[in-house]
Amino acid sequence: MVWGILLTSALFIFQVADGLQLKGSDDALNVSAAVPPAVDEAHADPLKLVEQTRDPRALLEEVSIVTSASATEVSSEMLTAVQHMGENCWDPCKAASGFCDWCGERKACCRKGWPNSPTECRGITSYFTDVHECVTPVNPTVRRIEQNAKVEQPGRQPSIFVSVFSRLNATDRRHLIRDMWMRAVGNSGNVTVRFALCERNLANETLLEELKEENKEHGDLAFLDCDEGYGEGLLTKKVLASLKEYKSKHWNREMFMKVDDDTFVAWSKLSSLLVRRGHTDVYMGVPIDKALPCRETSFRWYEPYETWSEDYFPRAMAGGSGYVLGRTLVRKILGGLGEEHMLWNEDRAVGVWVDKMVRDGMPVSYVAIKGVDGFWAWNWRNPKENWATWAEYPHVVHHGLSPQTIACLSLAEMEAMEADPHKRIDDCFEPEVGVIHEPLKCAELTREKLMAEKRNEASGI
């Protein structure tokens, strides 16, 4: 029995060491991300270009020191047992595929068929469940290479949790836009995405079972303790519920992003911006200036005096197109600031919260994202005449689009980044042809009403 174990261990060590010699150079470079894919130098981050110009042979020399010394450490590491075998490791491993200490030393949390699996989850054939489970990586030395190789990593976006606001019955929309968010998640381990759904008072058992099946398949739904809706502050309450979800389950992420499910996000552009400007004190989004509240009760954006009595909202970031809040700001909001100022308009509520922080002396960085926050911000009447190719498309986020348009733009972005920056995108906007948008009138009506009141006061009426 003892001889059998020793022979098995010796054979395994030989196979691992031989594997490193045969493909060590490719694996090491892929693991450390030392040589990113080619990019258009005219639009590239200078820091990344510096990294790309490094001599790959020098990188191999740096990694080879680790690979040659690691084989002797494999025997004991590989023979350690997998912890929590057969259990769902997704939440204990902080909602990320890859190495996870909860599963045991040099063990990983992986799922069969999971897109963009990290290197340590590839090549595994012995799965026992249909969810993320603890496994032994095929090549456990990968983690040691990642930790010890003296290779300067190219800039990456700060870790971020993205809450995509969706509706309970929007299964088809999520199906069409999910690929965009999966590409954003990638294999960096820095990005977590969840579709935020309010499940309070959900009485439709059939819909509930469908949602459970959807989450079992994709693992990307977040069920929040809130009521779905827009008016009377329901959306603001959903934001607070999502922030609480972030704090309780994804607090290891440095930043929080809220975005609607009808928004296209050019992640290659946003990640570059996050590299340069993102941190825990940031408030980032498409800017909206200070404005009159809507005081007409029949309009969607009605704001009662009881929730906001000031004449103007402070500047803020648009809600639908998405905003980013650093972890420090979220902590303050959940410390009571959010509940104390519960406005009915969600994006204006967040703007008020951040403005209160600034007035209290907290350091906050307002960072603008170039984007479309609604139909009024682009030529929606002739949607196919705006941009012919991806190279012409200037925006990072674009709110108010059909899921078909979002899916098409996301695919075009991927193809443009890989090979063709002049990929045509005008046909992506075909689903927007003929869509009618009602003009915005509430602010103008409020302004006219205020002016009439001032005239009456001046005349003594």
Side-chain angles (χ1 to χ4, degrees), residues 31 76-147 156-164 174 178 181-182 184-197 199 208 211-226 241-257 280 327 330-331 334:
V31 168
S76 60
E77 292 171 358
M78 287 302 297
L79 293 177
T80 57
V82 173
Q83 303 296 315
H84 306 286
M85 183 176 289
E87 298 180 38
N88 191 329
C89 58
W90 185 250
D91 285 336
C93 293
K94 300 178 180 179
S97 295
F99 284 113
C100 176
D101 292 337
W102 188 78
C103 293
E105 186 177 5
R106 302 290 183 269
K107 308 305 178 186
C109 179
C110 305
R111 178 175 172 174
K112 184 178 181 180
W114 190 251
N116 297 315
S117 290
T119 304
E120 57 269 25
C121 289
R122 297 173 189 169
I124 297 171
T125 57
S126 55
Y127 286 97
F128 300 98
T129 71
D130 293 326
V131 299
H132 274 82
E133 60 182 286
C134 295
V135 297
T136 297
V138 173
N139 187 354
T141 60
V142 164
R143 190 175 201 178
R144 187 162 298 279
I145 294 172
E146 289 179 322
Q147 292 174 339
R156 299 187 301 172
Q157 67 267 32
S159 58
I160 188 168
F161 170 70
V162 182
S163 183
V164 183
R174 290 190 292 273
R178 186 168 269 118
W181 288 113
M182 288 306 302
V185 170
N187 58 9
S188 70
N190 288 347
V191 181
T192 301
V193 176
R194 293 290 182 272
F195 291 100
L197 307 173
E199 67 172 344
L208 182 59
L211 291 170
K212 288 181 178 179
E213 286 300 314
E214 181 182 354
N215 199 37
K216 181 179 179 181
E217 179 179 358
H218 300 287
D220 58 5
L221 303 185
F223 296 99
L224 308 179
D225 183 22
C226 53
S242 187
L243 291 175
K244 291 175 183 177
E245 171 86 359
Y246 163 55
K247 189 174 188 296
S248 65
K249 296 183 180 180
H250 310 286
W251 200 235
N252 60 319
R253 301 300 189 222
E254 296 174 356
M255 306 170 74
F256 166 91
M257 181 179 185
T280 57
R327 188 166 53 200
V330 174
R331 182 184 290 112
L334 293 180

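Quick note: numbers below take in every heavy atom, side chains included, and nothing from hydrogens, waters or symmetry partners. Count residues from 1 along the sequence.
- Closest heavy-atom contact between V191 and V185: O-CG1, 3.7 Å.
- A distance below 2.5 Å between sulfur gamma atoms is met by C109 and C89.
- Note that CZ of R111 is 8.5 Å distant from NE2 of H218, once rounded to the nearest 0.5 Å.
- Of all heavy-atom pairs between H250 and F161, the closest is CD2-CE1, 3.3 Å.
- S163 is not listed as a side-chain neighbour of F195, based on a closest heavy-atom distance of 4.5 Å or more.
- With N215 contributing its side chain and D220 its backbone, the two residues share a donor-acceptor pair below 3.5 Å.
- Without hydrogens or angle criteria, R194 side chain to V164 main chain gives no donor-acceptor distance under 3.5 Å.
- Distance check for C134 and C103: the SG atoms are under the 2.5 Å cut-off.
- Separating the NZ atom in K249 from the OG1 atom in T192 is a distance of 12.5 Å, to the nearest 0.5 Å.
- When all heavy atoms of L243 and L334 are compared, the closest pair comes out as O-CD1, 3.6 Å.
- Between the NZ atom of K212 and the CZ atom of F223 there is a distance of 8.5 Å, given to the nearest 0.5 Å.
- Taking the charged nitrogens against the carboxylate oxygens, R178 and E214 do have a contact shorter than 4.0 Å, which makes a salt bridge.
- Atom CZ of F99 is separated from atom CD of E105 by 11.0 Å, given to the nearest 0.5 angstrom.
- Considering NE2 of H132 and CG of D91, their distance stands at 11.0 Å, rounded to 0.5 Å.
- Between R331 and W251, some side-chain heavy-atom pair lies under the 4.5 Å cut-off.
- Taken from CZ in F256 to CZ in R327, the straight-line distance is 14.0 Å, to the nearest 0.5 Å.
- Distance alone, capped at 3.5 Å, places no donor-acceptor pair between the Y127 side chain and the C110 backbone.
- Between V135 and K107, every side-chain heavy-atom pair lies at or beyond the 4.5 Å cut-off.
- With hydrogens and angles ignored, the 3.5 Å screen pairs a side-chain donor or acceptor of S159 with a backbone N or O of E254.
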Exercise for the section: Could you give me the CA-CA distance, side-chain angles and deciding distance for K244 and D225, then say whether side chain to side chain contact (heavy atoms under 4.5 Å, CB included) is met? Expected result: CA-CA 10 Å; K244 291 175 183 177; D225 183 22; over 6 Å; no
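- By the 6.0 Å contact criterion, CG on N252 is enclosed, its count of non-hydrogen atoms from other residues, nucleotides or ligands being greater than 12.
- Here the shortest heavy-atom pairing between A196 and L224 reads CB-CD1, 3.8 Å.
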